[in-house]
Q: 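Quick one: the structure is below, questions incoming.
In what follows, every chain begins at residue 1, and chains take the letters A, B, ... in the order their sequences are listed. Worth knowing before you read on, the calculation uses all heavy atoms, side chains too, and leaves out hydrogens, waters and symmetry mates.
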Amino acid sequence: MSESTKGTLLLVDGLSMAFRAFFGLPVENFATSTGVPTNAVYGFTTMLATLLREHEPTHVAVAFDLPGGTFRTERLPSYKGTRDATPPEFEPQVPLIREVLGALRVPAVDKPNYEADDLLATYARLGHEAGMRVLVVSGDRDTIQLVNGDVTLLYPRKGVSDLVRFTPDAVREKYGVDPGQYPDLAALVGETSDNLPGVPGVGPKTAAKWIGVYGGLEGILNSADDVPGKAGESLRAHLEQVRLNRELNHLLTDLEVAVPLADLEYPGADAAAIHEVCDALQFRTLRDKLLPLATDAGEASPETAPPVVVQTAGAVAAIAAMTGTVALHVDGRGGVDADAWALGAADAADAAWGVDLADLSPEDESTLGAWLADPNIAKVLHGAKDGWHALTARGWELAGIAGDTQIAAFLVNPDQRGFELEQILQRHLGLALESGPTAGELDLGLDGGGAHHAGQRAGERAAHVRTLAGVLEPMVDERGMGALYRELEIPLITVLARMEHAGMAVDRAHLSTLADEARARADRAAEDAYDALGGERVNLGSPKQLQEVLFERLGMPKTKKIKTGYSTDASSLHDLSEKAPHPFLTALLAHRDASKLSQIIETLAQAVQPDGRIHTTFSQVVAATGRLSSKDPNLQNIPVRTAEGHRIREAFVVGEGFDTLVTADYSQIEMRIMAHLSGDAALVEAFAAGEDLHRFVGSRVFGVAPEDVSPEMRSQVKAMSYGLAYGLSSFGLARQLGLPVGAAQALMDDYFSRFGAVRDYLRSVVEQARADGYTETIFGRRRYIPDLTSTNRQRRDIAERMALNAPIQGSAADLIKRAMLGVERRLRDEGLASRQVLQVHDELVIETAAGEQDAVENILREEMHAAGDLSVPLEVNVGTGADWRTAGH
DNA sequence: GCCTGGTATCC
DNA sequence: GTGGATACCAGGCC
């Protein structure tokens, strides 16, 4: 990483990766119209394009084995002798791959009598000596020996797109030996794919142990007589084999190469040649992925992140002495097997300290632990909640979270996707962070550990976080969101972390009963559906097949049009049922229902962790309006409307050591916010009076006394009221209510004649947003909506509906977040053991400890009520029970 | 094996 | 031709 200024050399083992691609993609799905198989070409090219795009190498080569033998098969004719004959569909794809390489202007290299690996080894050495960063891509484990501080191996885990990064640390973690010692280990263990048998009874663990004890294979062989045990005996009986293995698995680093390193410089692809080759191979989507690599279409490559000096010696003491605002980075992971293995800290942008948590003394442990737990030391992280979990798993408390550059970046522009550190650095600083694992969750274990020291990477990242904070936090302030950031989102991080950590207890037995029932119901409905078709077993889960059955075979009337034909969604099927009743439709709907349910239940059952609880992950940086999101599993879309939904919610129970679940939800929060923001006197009055809102509105709209509002009137105004906040049109309202458009329009007119300020508000909020470029919630959260000035009608209409909705949905999100902070503070201040476990947009769920139920109910009511000072009261409904369903009533 | 679209659930 | 999400499945990729 430090040598990146000299460039990056990408070296690919052509055949080994082509083979992986061949077996990863079904050959029958990939062929030209003339029957030429292309799955390996497709997979290999996709992989290479991704590597070129992500790593932006300055130099590239793809090495090939040539047909016929090598010096190894001369030495040992049986070498690689167990390999099955290559499938006939593979062979013809190799020249095609070379054609693609030609179009990409990537040099293909080979050498008679040698393997591709020897070429990789030689070029890796040359690149290393030239001070380059080298990436070797190979599915051959022998290449592990090439790994060092500057040479990383990308090894396919499955397919060709999921590549594991083998750095020296990663090799040590997986195999227990240094990369240079891997051939020693392989010589002892053997390599089936090369037809090299190992020492019977010696596996990687024993081999690694011996290598540790005797310092390597040579030492082992010299002391073979002293090696104890049955394994030692076995070793002595196979010395020759081991020597031979070691001889053969050594890769040559000193070949004479026909193409000098300098000629591997990558000039970018040839657009015309890409078109030609994609035409010939009938690649459609790939063309679009390859064309950006063409030089003609090229743009300046991003700047590489500046080198950061990361010190590791004495890091604990140095970090513990930091008292100002410190940027922190935790290398670790969340989830069931959460752990942290390295820590980086920076209080200057170009210098940082890194700590490998594996080699801490007990004193270091407690020094660092105390520093982390000190709430007075302000820490800024990128994705602080992840760090919190990783450190918590290691038994440390993280306090003093004062900033989160991920959240800052979100507030600055919440509509963007991708808030990983790499992406944010790129977006806001134009910096390319090298060796970043593809954006994802926490980094995987194998990606951990920098090239030289586990703390290296963490330190570098901490320094980057510090730079980022210096840029993003002022932007947050400039946009008037300083308070929202520091007083709402940042303190909320810890609340959410605790909620995730607590999780929700689940009644597994109940869940599995439900799963069985739903599965049985789905199966029965499926059989009914097949019967209705005269026994044909179409795939009921395939919209494509359903379209064929419904609209062609059964000749049913067409439903609403979608991209791929005609819709088969539930509402369309219900419509069809009325127009053209058929037992198939009934059975299909029943099957949809039951299979969806069974799938939900199954997912939940699988999500139960060993502690008997489900731990979701909340995100503050997904929903552009400021709502939280929940995933893995999503606990914010558990069914609730139906009887079956109720039974699922019964599976969420109070956990051991606790007494009850209490739920509290805001009553009609969005309508109240609309009343507040619009200042509509009639609407404010309705809420102030505490009447049934829809009855009140109905009486005004229809001009009858409240007690004379019929259920139908009530449901019509209810749909209208809710639709308003979403930008509902008269057309949409008509559809939803099953009215003629004219009637729906008349209803809207009547509505607005009584609640005119609402209409004025909705208009003004869009106008304001168009003028300012953004919308704003009651608490100053912004959402930028550039499409409001789009000349494209459809985009503009969508933007207008977003502008209409964002302040309402966003203010509701702000309110409940404020309430959550209040609830958390009260629980702590009052020394209660009860805890928040779930938020579902307008609802909070608390698990209460014995004797605390009344106190908790009061806290919920008071804090949710006091979360905002609106011109209408914030009403809260509270329920209690041993499970979520009971509590929710 | 990855990506997209359709369908489903929630507020 | 109502906003904001997440999850699963099938099918296309050629």
Q: Under 4.0 Å, heavy atoms only, any strand: does Ala725(A) hit a base, just the sugar-phosphate, or nothing?
A: nothing

Q: Rounding to an integer number of angstrom, what distance separates dG5(B) and dG1(C) when you compare their P atoms?
A: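 Here dG5(B) and dG1(C) have their P atoms 15 Å from each other.
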
Q: Taking the cut-offs as 6.0 angstrom to the six-membered ring centre and 45 degrees off its axis, would you call Arg20(A) and Tyr155(A) a cation-pi pair?
A: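 Arg20(A) over Tyr155(A) ring: yes.
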
Q: Can I get a per-line list of side-chain donor-acceptor pairs under 3.5 Å for residues 717-728 of chain A, giving both atom names and the distance, sequence neighbours left out?
A:
{"from": "Ser721(A)", "atom 1": "OG", "to": "Val717(A)", "atom 2": "O", "distance (Å)": "3.0"}
{"from": "Ser721(A)", "atom 1": "OG", "to": "Tyr751(A)", "atom 2": "OH", "distance (Å)": "2.7"}

Q: Using a cut-off of less than 4.0 Å, is there contact between a side-chain N or O of Ser542(A) and OP1 or OP2 of dG11(C)?
A: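 Yes, such a contact exists.
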
Q: Looking at side-chain heavy atoms only, is the closest gap between Leu492(A) and Glu489(A) below 4.5 Å?
A: yes

Q: Return the value, rounded to whole Å, for the distance between atom CG of Leu25(A) and atom P of dC3(B).
A: 12 Å

Q: Measuring from the side chain of Arg649(A) (C-beta onward, heavy atoms only), which nucleotide among dG4(C), dA7(C), dC11(B) has the closest atom?
A: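 Looking only at side-chain atoms, Arg649(A) lies closest to dC11(B).
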
Q: Kindly point out which of dC11(B), dA7(C), dC14(C) is positioned nearest to the side chain of Lys596(A)?
A: dA7(C)

Q: Is the phosphate of dT2(C), meaning OP1 or OP2, less than 4.0 Å from a side-chain N or O of Ser729(A)?
A: yes

Q: Does the dG3(C) base have a donor-acceptor partner in the side chain of Arg801(A) within less than 3.5 Å?
A: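 No, the side chain and the base share no sub-3.5 Å donor-acceptor pair.
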
Q: Is there a donor and acceptor pair, one atom on the side chain of Asn637(A) and one on the base of dT9(B), closer than 3.5 Å?
A: yes

Q: Looking only at side-chain N and O atoms, does Thr46(A) come under 4.0 Å of OP1 or OP2 in dC2(B)?
A: no

Q: Check every atom of dG3(C), dG6(B), dA5(C) against the side chain of Val622(A) and return the nucleotide holding the closest atom.
A: dA5(C)

Q: Does any N or O donor sit under 3.5 Å from an N or O acceptor when you compare the side chain of Arg284(A) with the base of dC14(C)?
A: no

Q: Ring of Tyr566(A), cation from Lys560(A) - is the NZ or CZ under 6.0 Å from the centre and inside 45° of the axis?
A: no

Q: Side chain of Thr603(A): nearest nucleotide among dT2(C), dT9(B), dA7(C)?
A: dA7(C)

